[in-house]
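Below is one structure; the comments refer to it alone.
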Amino acid sequence: MLVLRSAALFLVAALFEIGGAWLIWQGWREQRGWLWITGGVLALGAYGFVATFQPDAHFGRILAAYGGIFVAGSIAWGMIADGYRPDRWDITGALICLAGMAVIMWTPRTT
């Protein structure tokens, strides 16, 4: 159950993190305005808050694991929102990142 809760938190945080970065990108690079940028900043703040709900209390571990989610999630977001077509190496790299996240977060600890 702890793994399911953790995975759900990763998904919610990824939506805020990647969505926030995308909103800022759209606001600045695509000249959609400060409202988009402000929404992105708020979403990034929400990502930081959601991350605190992870069952593991080690900031470095959580942040490192979110890095793997960010890589894979960014590719997925690009495919959905911007029509990005990843090649096999993008997919391979994303799967490696997800495997690393799983090892970092969910392998049994002896300490």
Can you tell me how far apart CD1 (Ile62) and CD1 (Ile104) are? Round to the nearest 0.5 Å. 10.0 Å

Could you give the distance from CD1 (Ile69) to CE (Met105), rounded to the nearest 0.5 Å? 9.5 Å

Taking all non-hydrogen atoms of both residues, which atom of Ile91 and which atom of Pro86 are closest, and how far apart? CD1-CG, 3.8 Å

Sequence neighbours excluded - salt bridge (Lys or Arg N to Asp or Glu O under 4.0 Å) pairs with any residue from residues 36-56: Asp56-Arg61

Got a list of side-chain donor-acceptor pairs under 3.5 Å for residues 29-44, not counting sequence neighbours?
residue: Gln31; atom: NE2; partner: Arg29; partner atom: O; Å: 3.4
residue: Arg32; atom: NE; partner: Gln26; partner atom: OE1; Å: 3.4
residue: Thr38; atom: OG1; partner: Trp34; partner atom: O; Å: 2.8

Residues which pass ring pair (Phe, Tyr, Trp, His ring centres under 6.0 Å) with Phe70, listed by chain and number, not counting sequence neighbours: none

Hey, could you give me each pair passing side chain to side chain donor-acceptor pair (under 3.5 Å) that has a residue in residues 13-25? Not counting sequence neighbours. Trp22-Asp82

Sidechain-backbone polar pair: Thr107 side chain, Val103 backbone, donor-acceptor under 3.5 Å: yes

Please report the interatomic distance CG(Leu9) to CZ(Phe53), rounded to the nearest 0.5 Å. 8.0 Å

What residue pairs, at least two apart or across chains, pass side chain to side chain donor-acceptor pair (under 3.5 Å) with a residue in residues 89-99? Tyr84-Asp90

Please report the interatomic distance NE2(His58) to CG(Leu63), rounded to the nearest 0.5 Å. 14.0 Å

Can you name the ring pair (Phe, Tyr, Trp, His ring centres under 6.0 Å) partners of Tyr66, sequence neighbours left out? Phe10, Tyr47

What distance do Trp106 atom CH2 and Met101 atom CE have between them, rounded to the nearest 0.5 Å? 4.0 Å

